[in-house]
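Inspection log for the structure reproduced underneath, given as structure tokens.
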Amino acid sequence: MKKGTQNYINIHTESSPQKPFEMFKQIVKRTFKGEMFVGLWIVFREMIRFNIHTIQYPKEKLPLSPRYRAVHKLLRLIESGNERCIGCGLCEKICIANCIRMDTKIDENSRKVVTEYTINLGRCIYCGYCAEVCPELAIVHGDRYENVSEQRAHFVLKDDMLTPLDLLKQKEQKEYPGFGAISDEADKFIKKTPLAY
Amino acid sequence: MSDLAYIIETILKIVAVLTIFSALAGFATYFERKILAFMQRRLGPMHVGPYGVLQVLADGIKLFTKEDFIPQLAVKPIFKIAPVIAAATAFTALAAVPLFPEFEIFGHKVTPIISDINVGLLYVLGVMAIGMYAPLLAGMASANKWSLLGGARAVIQLLSFEVVTGLAVIAPLMMIGSLSLIEINNYQQGGIIDWIVWCQPVAFVLFLIAGFAETNRTPFDLLEHEAEVISGFATEYSGMRWGMFFIGEYANMITISFLVSIIFLGGFNDLWFIPGGLAIIIKVAFFIFFFLWARAAWPHVRPDQLMWLCWKVLMPIALLNIVVTGIVLM
Amino acid sequence: MTHMDFAHPYFGAFLIMVISTVSFIMTTVLARFVSRKLARLDTEKLKTAIYECGPEAIKQPNAISAQFYLMALLFILFDVEIIFMFPWAIDFKILGWFGFAEMLIFILLLTIGFVYAWKKGALTWHSMK
């Protein structure tokens, strides 16, 4: 084959018959070719092989890759138990869904500490940039993907994934009124769906 | 035997047939779901009871306790009576079908046929044809375009294939010379060689295809084709009323399986070492399995293809089959 | 054996028709009763409306293609033929050549009608364009 010449493949197109007799011939050919019985055989074979591919989800779960990106975890230093997070704010900056908010202060030892850290999981797209950008490996993605809830408000108050931060008790969580966060009286506006749960 | 004993015996038979076949229809849904699942490498119902056996019960409870609901514009009496027609005709058709060979219980001879009619085959086909009113009335009473289309499709499908059923069954009748299903069965007493399917393979295939069409099973289930007409005539139905259409469909399936087994496959005659009662159960079970099997393997056809198949292919073949049978028999 | 009124062959067929109809009607009545007690009853307007994907339908088009009627007419023609053929098929061996020839003529006549319907396009499904 010469350089630069394209190797076209002609897709086989069968012209559909127009005359009644040709149509009849096609039908006869297709009927006695046994394609119907091939179909019957294939499903029967699969039944005999009994090679079931179902995973009964709540009972058994697929193993997850270590690189799976689900609800975040905040880690601590193993030796001292201190938080790994140094409050650099890179995750807040890089978050393309704009869902991470943090607040820092200088404490009495003149060290920077994180006072508030929230991730709005309703907005989070689990892109993994925050974990990638973190210089201290403080924020990582965990493997908890079953974050179902009855109300959308719960997806902001997901601080239980951030439990390593003992400072953040669930009651003290304060939301930033920024874009994407829910308002203070959001619970009032939740309309129950007609299906009673 | 006095009148009273006869009446009691008949009523007992009827109650037995009604309860057993309703239960069988229920279990057929379970087997259908399981077999379809296995053929598609799934598990099917697993959660209610061991291996999902109690799914039937759960479905029944659900159907019973569901809100009984009739849409606004529906014609109420007709809407209510249509599912009853579907179920009742399906069971009435079973009356003339001999289910098993005669047996004795407490020294009393029992013929497991509710009414031994000498035109049994004609009766069964006729009553099954009356079942056509169910989708028709349901479709027309629902005041819904999907239902109407489904009803219309049901009617032309059942009507057209009734022609094929009738013509297909005439050829074996010419050999046998009787319409009584018991006599058709007795004609094939001589073991597997006497089965009519060997003399009438064309009629057998035609009758089976028409049976698929008359019970609305998959290659021809156009009247409940979800992608085209939501659920056909049953679109507006829910709860037990819908369940009755379901029972009717499965009872029809069992009736057709019995008919095919009796007319073409030797019925309830003893087969080698297998006693007749067991033989017919095996045959019927195979045909019900075949119904489900075909559903897993084959796609639907279009309505125009269905009409083409019926009028331009199957009907001429059936007529030719009759003529050829006549020439051979002469 | 004396004559028995109830031993008529159709007695069982009649009885099963009555019993099955009554029992299935009773089932619907029972289901209605049970569901009245247990199910949530709700007559919201959109719920009682005709099944439709979204819009509230007041009236639905109530016409179907004339093809359906044509098929039903054809069925009448051929079903009458079949009804005539059943008695003939039963007595086929008794009637002999005479009956067979007669039925051949009958089938021939019907085939003429069938071919006519075919040529006229009654058997092909015309789209409503």
Side-chain angles (χ1 to χ4, degrees), chain B residues 3 6-7 10-11 14 17-18 64-68 71-73 80 83-84 87-88 91-92 95-96 114-118 122-123 143-146 148-149 152 155-156 159-160 162-163 166-167 170 173-174 177-179 230 235-236 239-241 244 303-304 307 311-312 319 323 326 329-330, chain C residues 4-7 9-17 19-21 23-25 27-28 30-32 34-36 38-42 47-51 59-62 64-65 68 71-72 74-75 78-79 82 85-86 89-93 96-97 100 103-104 107 111 114 118 123-125:
Chain B
D3 276 1
Y6 179 74
I7 291 171
T10 315
I11 286 176
I14 288 169
V17 163
L18 277 180
F64 241 87
T65 53
K66 199 166 174 170
E67 181 186 350
D68 190 38
Q72 217 174 10
L73 296 178
K80 284 178 184 171
V84 178
F91 282 97
T92 312
I114 289 165
S115 62
D116 185 8
I117 303 170
N118 54 2
L122 211 55
Y123 168 87
N144 178 337
K145 59 185 168 196
W146 316 115
L148 190 68
L149 268 180
V155 171
I156 54 159
L159 284 183
S160 305
E162 214 164 284
V163 174
L167 286 175
I170 278 175
L173 287 182
M174 284 157 70
S178 172
L179 275 167
I230 316 297
T235 304
E236 296 284 10
M240 206 55 215
R241 296 187 199 284
M244 261 174 217
D304 64 320
M307 290 300 117
W311 290 104
K312 292 191 178 175
L319 273 177
V323 174
L329 281 181
M330 269 300 151
Chain C
M4 285 193 296
D5 289 339
F6 289 105
Y10 284 91
F11 173 69
F14 172 72
L15 205 63
I16 193 174
M17 192 192 85
I19 289 180
S20 60
T21 310
S23 62
F24 283 117
I25 287 175
T27 316
T28 46
L30 190 69
R32 193 174 179 76
V34 170
S35 62
R36 281 268 169 88
L38 294 175
R40 279 168 68 90
L41 292 174
D42 191 358
K47 187 182 164 190
T48 54
I50 303 159
Y51 178 87
K59 197 167 178 288
Q60 292 263 357
N62 204 9
I64 51 172
S65 168
F68 289 107
M71 288 294 170
L74 278 174
F75 162 75
F78 287 103
D79 207 42
I82 291 164
M85 283 170 96
F86 265 105
I90 302 305
D91 288 341
F92 178 74
K93 282 169 185 161
W97 273 111
F100 185 54
M103 188 46 71
L104 273 185
I107 290 176
T111 315
F114 179 68
W118 191 326
L123 302 176
T124 39
W125 199 267

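All values derive from a computational prediction rather than experimental measurement. Here is the naming used below: chain letters follow the sequence lines, and residue numbers restart at 1 for every chain.
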Looking only at heavy atoms, what is the nearest atom pair of I170(B) and A89(C), with distance?
CG2-CB, 3.7 Å

Need one label for T65(B): side chain, backbone, both or neither, based on atoms under 4.5 Å from any heavy atom in chain C.
both

If I compare all heavy atoms of T10(B) with all of G12(C), which pair ends up nearest, and what's the gap?
CG2-CA, 3.8 Å

Measuring heavy-atom distances to chain C, does L319(B) have an atom under 4.5 Å in its side chain, in its backbone, in both, or in neither?
side chain

At a 4.5 Å cut-off on heavy atoms, which part of F68(C) comes close to chain B: side chain, backbone, both, or neither?
both

In this structure, CE of M174(B) is separated from CD1 of I90(C) (nearest 0.5 Å) by 10.5 Å

Which atoms of K66(B) come close to chain C, meaning under 4.5 Å heavy atom to heavy atom: side chain ones, backbone ones, both, or neither?
backbone

Hey, could you give me the CE/CZ distance between M240(B) and F24(C), rounded to the nearest 0.5 Å?
8.0 Å

Chain C contact via E67(B) - which portion, at a heavy-atom distance below 4.5 Å
both

Mind listing the closest non-hydrogen atom pair of A13(C) and T92(B) along with its distance?
O-CG2, 4.0 Å

How close do T21(C) and V84(B) get, heavy atom to heavy atom, and via which atoms?
O-CG1, 3.9 Å

Rounded to the nearest 0.5 Å, what's the gap from CD1 on I11(B) to CG on L15(C)? Could you check?
5.5 Å

Output the distance between atom CZ (F78(C)) and atom CG (L159(B)), rounded to the nearest 0.5 Å.
13.5 Å

Answer key: most heavy-atom pairs under 4.5 Å with chain C among M307(B), K312(B), M244(B), E236(B) is K312(B)

Measuring from atom CG of L329(B) to atom CZ of F92(C), what distance do you get when rounded to the nearest 0.5 angstrom?
5.0 Å

Contact part of I107(C) toward chain B, heavy-atom cut-off under 4.5 Å: side chain, backbone, both or neither?
side chain

Please flag which part of V163(B) lies under 4.5 Å from any non-hydrogen atom of chain C: side chain, backbone, both or neither.
both

Please report the shortest heavy-atom distance between V323(B) and F100(C), naming the atom on each side.
O-CZ, 3.6 Å

Below 4.5 Å from any heavy atom of chain C, which atoms of L173(B) appear? Answer side chain, backbone, both or neither.
both

Answer with side chain, backbone, both or neither: which region of A96(B) has an atom nearer than 4.5 Å to a non-hydrogen atom of chain C?
neither

When rounded to the nearest 0.5 angstrom, what is the spacing between CH2 in W311(B) and CZ in F114(C)?
7.5 Å

Which atoms of W118(C) approach chain B - backbone, side chain, both or neither, heavy atom under 4.5 Å
side chain

